[in-house]
Amino acid sequence: GEDVEQSLFLSVREGDSSVINCTYTDSSSTYLYWYKQEPGAGLQLLTYIFSNMDMKQDQRLTVLLNKKDKHLSLRIADTQTGDSAIYFCAVAYNQGGKLIFGQGTELSVKP
Amino acid sequence: GAVVSQHPSWVICKSGTSVKIECRSLDFQATTMFWYRQFPKQSLMLMATSNEGSKATYEQGVEKDKFLINHASLTLSTLTVTSAHPEDSSFYICSASGNDPGAMNTEAFFGQGTRLTVV
């Protein structure tokens, strides 16, 4: 089945850019998402990209997709302490919401 | 975005008892609901997919007789953990997708999660 991998931890200084990486195995994945989870809370959808796109920018967030390498990244510009959370990438094959999640990357932002 | 409410947010129960968790879509019709389980510091694992009015589809390794899922209406799905044991302690999260006019049609909205502790 589909396997989605992320590095577990990332630490950055406030004001720097953060880049969180994700790889997946199934090239038929068509919808790719980034979610944010704060301690003890549910998931908040941050952004998404369709597989026919290379890049998507949404304010401080930039998503890059390299479909050939099956690599997805999330860049957070001007990272703030409020961005500290766990970030999950998730992939889906079709519409309807069934998602396969990566392990999550814990982002720590130091002042 | 749409709102999905999950209740309770936390519950402690005795071993051997059953616990029901509710997932409601407050402002849209959820044709499909998903139940996930998350262990500490780990990812979300899909347990089952339920479509309104039909039986849930369980992922491999998930005991359907232990984790009873009901999706009787377009706004409510329930997960009942039967005869709970300490190893069932976990964070359970639902998500719902359906006919929210304001959402992209592939988006699934997540509830806040339920922390279950079995003692």
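Convention: sequence-line order gives letters A, B, ...; per-chain numbering from 1.
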Practice task
Verify side-chain contact (heavy atoms from CB on, under 4.5 Å) between A:Leu43 and B:Leu44, making sure each step is shown before the conclusion.
Solution key: CA-CA 10 Å; A:Leu43 273 71; B:Leu44 284 77; 3.9 Å; yes
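- One finds the CD1 atom of A:Ile86 at 11.0 Å from the CD atom of B:Gln42 (value rounded to the nearest 0.5 Å).
- With hydrophobic clusters built from ILVMFWY side chains whose heavy atoms lie under 4.5 angstrom apart, A:Phe50 shares a cluster with A:Leu72.
- Taken to the nearest 0.5 Å, the OH atom of B:Tyr36 stands 4.0 Å off from the CG atom of A:Leu99.
- A:Ile100 and B:Val62 end up in different hydrophobic clusters when Ile, Leu, Val, Met, Phe, Trp and Tyr side chains are linked at under 4.5 Å.
- Contact annotation for A:Gln6: neither backbone nor side-chain heavy atoms come within less than 4.5 Å of a heavy atom of chain B.
- For B:Glu59, the part sitting under 4.5 Å from any heavy atom of chain A is the side chain, from C-beta outward, and nothing else.
- With a 6.0 Å radius and a threshold of 12 heavy atoms from other residues, nucleotides or ligands, B:Lys66 has its NZ atom above the threshold.
- The shortest heavy-atom contact between B:Phe91 and A:Gln37 is CE2-NE2, 3.7 Å.
- The number of heavy atoms from other shown groups lying within 6.0 Å of NE2 (B:His7) does not exceed 12.
- For B:Gln38, the part lying near chain A is the side chain, with the backbone staying farther off; criterion is any non-hydrogen pair under 4.5 Å.
- Under the 4.5 Å side-chain heavy-atom criterion for Ile, Leu, Val, Met, Phe, Trp and Tyr, A:Leu46 and A:Leu107 are members of the same hydrophobic cluster.
- Between A:Phe101 and B:Ser43, the shortest heavy-atom distance links the atoms CB-OG, 3.1 Å.
- Cluster annotation: B:Phe34 is not connected to B:Met45 through the hydrophobic network of ILVMFWY side chains, with a link wherever side-chain heavy atoms come within less than 4.5 Å.
- When the side chains of ILVMFWY residues are joined at heavy-atom separations under 4.5 Å, either directly or via intervening members, B:Tyr58 and B:Trp35 end up in a single hydrophobic cluster.
- Contacts between A:Gln44 and chain B at a heavy-atom distance below 4.5 Å are absent for every atom of the residue.
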